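Read through the structure below, which is laid out as structure tokens, and then see the notes.
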Amino acid sequence: MTDFLDLGMHIYRTHTCNELRATHAGDTARLSGWVFRKRDHGGILFIDLRDHYGVTQVVVHPSRPFFDELTRLHVESVITVTGSVTRRDPETVNPDIPTGEVELVAEACTVESVAEVLPLVLAGEEEAGEEARLKYRFLDIRRDRVHRNLLLRSGVISHVRRQMEAQGFHEYQTPILTSSSPEGARDYLVPSRVHPGKFYALPQAPQMFKQLLMVGGFDRYFQIAPCFRDEDARADRSPGEFYQLDIEMSFVTQDEVFAVVESVLHSTFTRFSGKTVDSAPWRRIPYREAMLKYGSDKPDLRIPLEMCDVTEVFRQSGFKAFAGAIASGAVVRALPVPGIKTQPRSFFDKLVEYAMGLGAKGLAYLVWDGDVVKGPIRKFLTDAELGALAQAGAMRDGDVMFFFCDEASAAARVGGDIRCKLGRDLGRVEKDVFRFCWIVDFPMYERDSETGAVAFSHNPFSMPQGGLEALDAADPLSILAYQYDVVCNGVELSSGAIRNHSPEIMYKAFALAGYSREDVESRFGCLLNAFRYGAPPHGGIAPGIDRMVMLLAGEENIREVIAFPMNQKAQDLMMQAPATVSEKQLRELHIQLRGAPREAGQAKAPPAQKEP
RNA sequence: GGGGGAGUGGCGCAAUUGGUUAGCGCACCGGACUGUCGAUCCGGUGGUUGCGGGUUCGAGCCCCGUCUCUCCCGCCA
């Protein structure tokens, strides 16, 4: 192949594997990439050569000296091929790939890297198990689907940055090694070598820093910010670490924060998907209304079903199971579902079973069939009561109404779950659409279900609606906060708030949750202190980047949009993290382990022998 | 911390529900083949059914323990 090297060509490639077209026919070209597929006809060998950009077919004739070597070469080996770009015969054109009109007829070839037999299959539809995929993630991300997801992620982040900057925001970095925060999720701790017995913490979010940037006069902050929380994973929640589009603004109202997010998210979702995206302004749903109608503070608005409260209809009714529960504080929520009276009995029986699996004591329902109402609880109700229910749910022939009777939060939880299940099972989830909404007016406080004490329901730094005076309310649970969530298709993308920038209001707000002045000073002294030297009213929000990309990619699991994710137990199976460390490292950090680590054999040095 | 599902050659799956030699596809090795694009055809190698114990004439299947993965609840201001 020295002849070709002498032509002054780049030693690896003159084009990518997605560049050659019919117009290149007759040219000499050089490509490098992975052997994606081989088709060996004995007398002729076809290789699909793949790189980041695409696939090009390489043709190898048996007269070539490298023919035998390429025949035996394993897929995913890396080669450089030089040859002439040749137009394919009309009947051999491959319309499925952009380079399908041509092929590269190999004249010279270098094997750059021989691949061993792969531990997982890359070509085709088959997907390896999670464990294998994560252990060999560097192979897994060669697969087209994951590769495209990561490109999408890159595009989304780039686009978001441009949008934020166009709106006058600036990106600032905040510390990764910081101090442990007393509220919220468990921190990841990092021991200090210089200060024996002391620890840094990784930030759960740059919350304090972005507020301090506002105090520092920067006005419009954003950051694609890494966040670290030592909490257990979910399908839509990456364990350990994730990224937020962290935003904070000075001298703003809640509506101005909404306008920024609506603009950026609408632009991003429109640009990176073909689906319909709700145009701004998005629906604002008060928290209590969301819990009543959808049984959730992250309602999936693609499902055209809504609950209503029918407690009063049942309070004095002859249906003692409900009336009795209502007398001791329960509510009754009704979910009308149009046009399902023809569903078989088994449909309803399974649903009852499902509801009981969720912790409900049962699932009552009524069927509107022509002029009559049927169902297991029909006999307990008067015509007047049935009329009231029909009116509450706008019931028509063929409709069915389900009832959830329980303490309010349990009724909402079960009803909300069944609303979503019915939406899915009945095929009534609106397709190809991103439905956004804001959940607003979150309560400032809630009652701790275990202790019964009044506790912050969300962010303790939120401004109570009505300010200082509002905190004098007789019932703290009635106080609302300038606290909001943005929700898309049933996925919570973000929480945010207008912050409490007044030390006096902070003391009082914390006092209601049982914190003394001294508690507040010691736990949040830095922020409190900053607010004593001139703090602008400010607020912000922090949409989750991973979840946005997950929605745009149409993936069910957040790992599919992260290059090197950890598994559910927060282990990196590829890098083998977390891992034991040497005794020397521990000594430098003034750390003595309480017990011998179970996999002590993997440590390079013996673990600490003494118990503390 | 709790509950559900799963673990069978390198990979993805099956095994008539306790029955004889654990099958299939891909990959791998060998052979045939000059136009395929998931090439095709012929032949072959490869398995202590996660691990340990138990029940049974007999266990991939049932029971107990244990490990691993996954989904959910708790948790995630």
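Numbered from 1 within each chain, the chains take letters A, B, ... in sequence-line order. Note that the structure is predicted; figures quoted are calculated from it, not measured.
Each of B:G12, B:U36, B:C71 was ranked by its minimum atom distance to the side chain of A:Gln57; first place goes to B:U36. Considering only side-chain atoms of A:Glu103, the nucleotide from B:U36, B:C69, B:G38 that sits closest is B:U36. Here the nucleotide nearest the side chain of A:Phe46, chosen from B:U36, B:U70, B:G1, is B:U36. Out of B:C37, B:C11, B:C71, the shortest distance to the side chain of A:Asn557 is found at B:C71.
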Are any protein N/O atoms closer than 3.5 Å to N/O atoms in nucleotides 25-34 of chain B? If there are, list each pair with its distance.
unit_1	atom_1	unit_2	atom_2	d
B:G25	N2	A:Glu126	OE2	3.4
B:C29	OP1	A:His74	NE2	3.0
B:C33	N1	A:His41	O	3.4
B:C33	O2	A:His41	O	3.3
B:C33	N3	A:His41	O	3.2
B:C33	N3	A:Gly42	N	3.1
B:C33	N4	A:Gly42	N	3.2

Expected rows: protein N/O vs nucleotides 44-49 of chain B N/O, under 3.5 Å:
none

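Between the base of B:U70 and the side chain of A:Glu131 there is no donor-acceptor pair shorter than 3.5 Å. Side-chain N/O atoms of A:Arg88 and base N/O atoms of B:C37 include a donor-acceptor pair closer than 3.5 Å. For B:C76, the base has a donor-acceptor partner in the side chain of A:Arg237 [N/O atoms by modelled type, under 3.5 angstrom]. Side chain A:Asp232 to base B:G74: a donor-acceptor pair is found below 3.5 Å.
Between the C1' atom of B:G35 and the CG atom of A:Leu104 lies a distance of 16 Å, rounded to the nearest Å. A straight line from CG of A:Leu139 to P of B:G10 spans 17 Å, rounded to a whole angstrom. The CG atom of A:Leu573 sits 10 Å away from the C1' atom of B:U68 (whole-angstrom rounding). In this structure, A:Tyr354 atom OH and B:C72 atom C1' are separated by 10 Å, rounded to whole Å.
A search for side-chain hydrogen bond (donor to acceptor under 3.5 Å, both in side chains) contacts involving A:Asn149 returns A:Glu555, not counting sequence neighbours. By the salt bridge (Lys or Arg N to Asp or Glu O under 4.0 Å) test, A:Glu492 is found to be paired with no residue, residues two or more places apart in sequence or in another chain being considered.
When the C1' atom is used for both B:G54 and B:A15, the distance is 24 Å, rounded to whole Å.
Sorted by first then second residue, the side chain to side chain donor-acceptor pair (under 3.5 Å) pairs that include residues 59-71 of chain A, not counting sequence neighbours, are A:Arg64-A:Glu107.
With A:Tyr243 as the partner, the side-chain contact (heavy atoms from CB on, under 4.5 Å) test is satisfied by one option alone out of A:Ile545, A:Val549, A:Ile562: A:Ile545.
Below 30°, between 30° and 60°, or above 60°: for A:Phe524 and A:Phe510 the angle between ring planes is between 30° and 60°, a tilted geometry.
Checked for salt-bridge contact, A:Arg50 and A:Glu76 meet the test: a charged N lies under 4.0 Å from a carboxylate O.
Annotated as syn: B:U17, whose glycosidic dihedral is within 90° of 0.
Counting only Watson-Crick or G-U wobble pairs whose defining distances are both under 3.5 Å, the stems of 3 or more consecutive pairs in RNA chain B are B:1-7 with B:67-73, B:10-13 with B:23-26, B:28-32 with B:40-44, B:50-54 with B:62-66.
Considering only side-chain N and O atoms, A:Gln204 lies nowhere under 4.0 angstrom from the phosphate OP1 or OP2 of B:C76. Of the side-chain N and O atoms in A:Arg39, none sit less than 4.0 angstrom from OP1 or OP2 of B:U36.
More than 12 non-hydrogen atoms from other residues, nucleotides or ligands lie less than 6.0 angstrom from NZ of A:Lys38.
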